[in-house]
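Step one of this worksheet: look at the structure below.
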Amino acid sequence: MAFVRSSKYRHIYGAPFKTDQCFTNIRVSRNNWDGNFCAVNPKFVAVVTEASGGGSFMVLKHEETGRVDLNHAQVCGHKNVVLDLDWNPFNDNIIASASEDQSIKIWMIPDEGIQEEPLIDPIVDLQYHQKRAGQVKWHPTASNILFSVGADPCILIWNAEEGVVVTEITCHPELIFYATWNYNGSLIATTCKDKKIRIIDPRTGEVKKEGPGHDGAKVSRVQFLKNNKLFTTGFSRMSERQYGVFDATSLSNLAMETIDNNNAPLTICYDPDINLVYLIGKGDTLIRYYEVSDASPYAYWLNNYQSTVPQRCCGMMPKRALNVNNCEVARIYKIIQKGTCEPIAMIVPRKSDLFQEDIYPDTQGDEPSLSASEWVEGKNKDPILISLKDGYVSTRQKSEVRAGGLKAQAQPNKLAALSKKPSAAAVTSAPAATKASTPAANASATNGSTTTTNQPAKEEVPPPKAEVKPAEVKPSKPEPITAKPKVEHSVEDNGVDILKDVSDLSSTIKKHEARIAALEELSHVLVSQ
């Protein structure tokens, strides 16, 4: 059993979104295939749905939360059930789907989503597999390169720009369970029904290394880690669920740990920036977090997210769309069989409101490092990284800022707007105030300063008091003194007072909101412990 060590992610916890921020009433597919029935990107959520004939999946914008209409338009161009989905990492409007009908189809989703008419015609239709296509995965650094895994069994490397097969990999003697790219897309790792792990060159189809994996005959999965290691999940001979760590160069087993006796395979969600692995099991009610490292035992258990409802499948949001202001390091969209898609934010509790550079290293952006032709020619490059410190800005839409996974137009600074309004009032009221104001006040009003107004000058020498005769004012009757300033105040002065009151109330409200947020964060930490 992996022991617990000191880690900055030790107290990471899952915070489910409120009900009104979830998607409900979705007819989730009941197919038993262990594919990605949910795929997420900063614009859309895609979920494979149940269809009476053919195959379909639903695409929803992040703003379309709540109860989904049963007649909502869907993508329904497949002739049989959809088994896997994957969004293009460099274009948030393009998604690829694999189906039981042996085809791979690539779809263009409009910015407004699929509103009225169903989407039937794909932009690219890839036909080559002789049996069902069970998995599809885009290349991590090259544009328009992807692989598909079929039950033939074979793996096809596609150039989607030309719609042709670059490489056909036929080295597997039995059913291929899972395949994955490495960090820069120069290698592919696979698991197979023959209980072996293979490292393959995707351009030539050559098997670079082959070695034993898990001893059990059930489904096993593999994930390339950034530090040239492999993280796998599978079963022992006694049908116990396990995870393992292998060296990617020699395929020597570095660690093998038993998790539990459940019979559902575990899906691996990997964050290469901070080396966190999330294990999600079909039918489980919890999500496990592990931190991987270069030293033994190579994987450290951190914590579990526990819920009361079992998940059908899950999808993971790209890092560039997370809410960095809330210290959100991952967001997992949990699909429940009854028809609910529930986002779960994985949060590292921090007291400071500043940007946390240690938990937000530079991450992969939406710009490819290579073109399809360059990759086919043999070039390799690491992903182009971006910083999340100032908020992610898409290379396709520079005028839009993504906040919390949603797009919002950039707004002007409200504090700057408030500071400009009093200065305008000071300029307009300067001629009327010159008779009673001091030379210093007149100079500040003439210059149009944004930091000083006529209001402080009037408090020192108020204009109404200059017109009131001291002999007519009686100490026992202060009403005339208080009434006259109100009558003689200009409209601009009243506006300045109102803005000051609004500013004071806003600062008070922000203090209370900050205190409420701190208390909620503390309660989550206490509950998780």
Side-chain angles (χ1 to χ4, degrees), residues 1-3 30-37 83-84 132 134-135 137 149-151 153 155 171-180 188-200 209-225 229-248 250-270 276-292 296-302 304-306 310-314 316 332 334-335 337:
M1 189 75 181
F3 60 87
R30 298 179 182 177
N31 193 282
N32 292 326
W33 183 256
D34 296 314
N36 293 328
F37 285 3
L83 300 179
D84 196 34
R132 67 165 179 256
Q135 185 189 358
K137 190 71 175 177
V149 180
I155 299 176
C171 59
H172 299 83
E174 297 186 61
L175 179 67
I176 303 170
F177 284 145
Y178 197 75
T180 180
I188 288 178
T190 65
T191 56
C192 182
K193 194 174 182 180
D194 64 357
K195 307 177 186 178
K196 290 185 179 181
I197 301 173
R198 292 174 175 85
I199 307 296
I200 305 170
K209 199 67 179 179
E210 179 179 315
H214 294 268
D215 294 332
K218 294 183 180 179
V219 175
S220 62
R221 292 183 178 240
V222 62
Q223 174 64 52
F224 248 114
L225 301 182
K229 291 182 174 56
L230 300 174
F231 191 96
T232 64
T233 59
F235 294 84
S236 67
R237 292 182 180 179
M238 303 300 293
S239 296
E240 298 170 323
R241 284 201 298 195
Q242 298 175 324
Y243 75 81
V245 180
F246 294 80
D247 183 88
S250 61
L251 285 186
S252 59
N253 181 234
L254 303 177
M256 186 69 71
E257 296 291 339
T258 300
I259 300 175
D260 55 24
N261 293 320
N262 203 322
N263 60 359
L266 290 168
T267 300
I268 306 171
C269 292
Y270 175 54
L276 290 187
V277 171
Y278 304 87
L279 299 185
I280 304 166
K282 177 182 176 182
D284 290 357
T285 58
L286 55 84
I287 299 174
R288 300 172 174 87
Y289 335 133
Y290 293 85
E291 183 177 7
V292 294
S296 178
Y298 301 101
Y300 300 88
W301 175 81
L302 296 175
N304 294 336
Y305 167 75
Q306 182 72 51
Q311 59 250 10
R312 173 66 175 82
C313 59
C314 290
M316 193 171 182
I332 296 174
K334 172 182 173 180
I335 304 297
Q337 188 61 55

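Side-chain atoms are counted along with the backbone in the values below, which use heavy atoms only and exclude waters and symmetry mates.
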Legend entry - Non-neighbouring partners of Val219 that pass side-chain contact (heavy atoms from CB on, under 4.5 Å), sequence neighbours left out: Asp34, Phe177, Pro265

Legend entry - Test side-chain hydrogen bond (donor to acceptor under 3.5 Å, both in side chains) applied to Asn261 - qualifying residues, sequence neighbours left out: none

Legend entry - Gap separating the CG atom of Leu279 from the OG1 atom of Thr233, nearest 0.5 angstrom: 7.0 Å

Inset, instruction - Working to the nearest 0.5 Å, report the span between CG of Asn36 and SG of Cys313. - result: 8.0 Å

Legend entry - For Lys137, all residues meeting salt bridge (charged side-chain N to carboxylate O under 4.0 Å, His left out), sequence neighbours excluded: none

Inset, instruction - Mind checking the CD1-NZ spacing from Ile176 to Lys193? Nearest 0.5 Å is all I need. - result: 13.0 Å

Legend entry - Residue pair Asn32 / Lys282: nearest heavy atoms and the distance that separates them: O-NZ, 3.7 Å

Legend entry - Heavy-atom pair of closest approach, residues Val222 and Thr180: O-CG2, 3.5 Å

Inset, instruction - List the steps and the verdict of side-chain contact (heavy atoms from CB on, under 4.5 Å) for Ile280 and Cys269. - result: CA-CA 8 Å; Ile280 304 166; Cys269 292; 3.8 Å; yes

Legend entry - Distance-minimising heavy-atom pair for Ile199 and Leu230: CD1-CD1, 3.8 Å

Inset, instruction - Could you walk me through whether Val277 and Gln223 pass side-chain contact (heavy atoms from CB on, under 4.5 Å), step by step? - result: CA-CA 10 Å; Val277 171; Gln223 174 64 52; over 6 Å; no

Inset, instruction - Determine whether Phe224 and Tyr270 make a side-chain contact, defined as any pair of heavy atoms from C-beta on separated by less than 4.5 Å. - result: no

Inset, instruction - Decide if atom NZ of Lys218 counts as having more than 12 heavy atoms of other residues, nucleotides or ligands within a radius under 6.0 Å. - result: yes

Legend entry - ring pair (Phe, Tyr, Trp, His ring centres under 6.0 Å), paired with Tyr243, selected from Trp301, Tyr298, Tyr300, Phe231: Phe231

Inset, instruction - Can you see which heavy atom on Ala179 is nearest to which on Val149, and at what distance? - result: CB-CG2, 3.9 Å

Inset, instruction - Mind checking side-chain hydrogen bond (donor to acceptor under 3.5 Å, both in side chains) for Arg312 and listing every partner two or more places apart, or none if nothing turns up? - result: Gln337

Legend entry - Contacts of type ring pair (Phe, Tyr, Trp, His ring centres under 6.0 Å), residue Phe235, not counting sequence neighbours: none

Legend entry - Partner set under salt bridge (charged side-chain N to carboxylate O under 4.0 Å, His left out) for Glu174, not counting sequence neighbours: none

Inset, instruction - For Ser220, enumerate each residue passing the side-chain hydrogen bond (donor to acceptor under 3.5 Å, both in side chains) test, keeping only those at least two apart in sequence or located in another chain. - result: none

Legend entry - side-chain contact (heavy atoms from CB on, under 4.5 Å) involving Asn253 - partner list, sequence neighbours excluded: Phe246, Met256

Legend entry - Heavy-atom side-chain proximity of Arg132 to Leu83 below 4.5 angstrom: yes

Inset, instruction - Determine the minimum heavy-atom distance between Arg221 and Leu266, stating which atoms define it. - result: CD-O, 3.3 Å

Inset, instruction - Please round to the nearest 0.5 Å and tell me the distance separating atom OH of Tyr305 and atom CG of Leu286. - result: 10.5 Å

Legend entry - Any residue meeting salt bridge (charged side-chain N to carboxylate O under 4.0 Å, His left out) with Lys229, in chain and number order, not counting sequence neighbours: Asp294

Inset, instruction - Would you check if the side chain of Lys195 reaches a backbone N or O of Gly213 as a donor-acceptor pair within less than 3.5 Å? - result: no

Inset, instruction - State, to 0.1 Å, how close Ile332 and Cys314 come at their nearest heavy-atom pair, and which atoms those are. - result: CG2-CB, 3.7 Å

Legend entry - Pairwise side-chain contact, Ile287 with Gln311, heavy-atom cut-off 4.5 Å (strictly under): yes

Legend entry - Partner residues of Thr285 under the side-chain contact (heavy atoms from CB on, under 4.5 Å) criterion, sequence neighbours left out: Gln306, Ser307, Pro310

Inset, instruction - Could you tell me whether the side chain of Ile200 reaches within less than 4.5 Å of the side chain of Cys171, counting heavy atoms only? - result: yes

Legend entry - Results of side-chain hydrogen bond (donor to acceptor under 3.5 Å, both in side chains) for Gln242 - residues two or more places apart only: His214

Legend entry - Sequence-distant partners of Asp260, side-chain contact (heavy atoms from CB on, under 4.5 Å), two or more places apart: Arg241, Asn262, Arg288

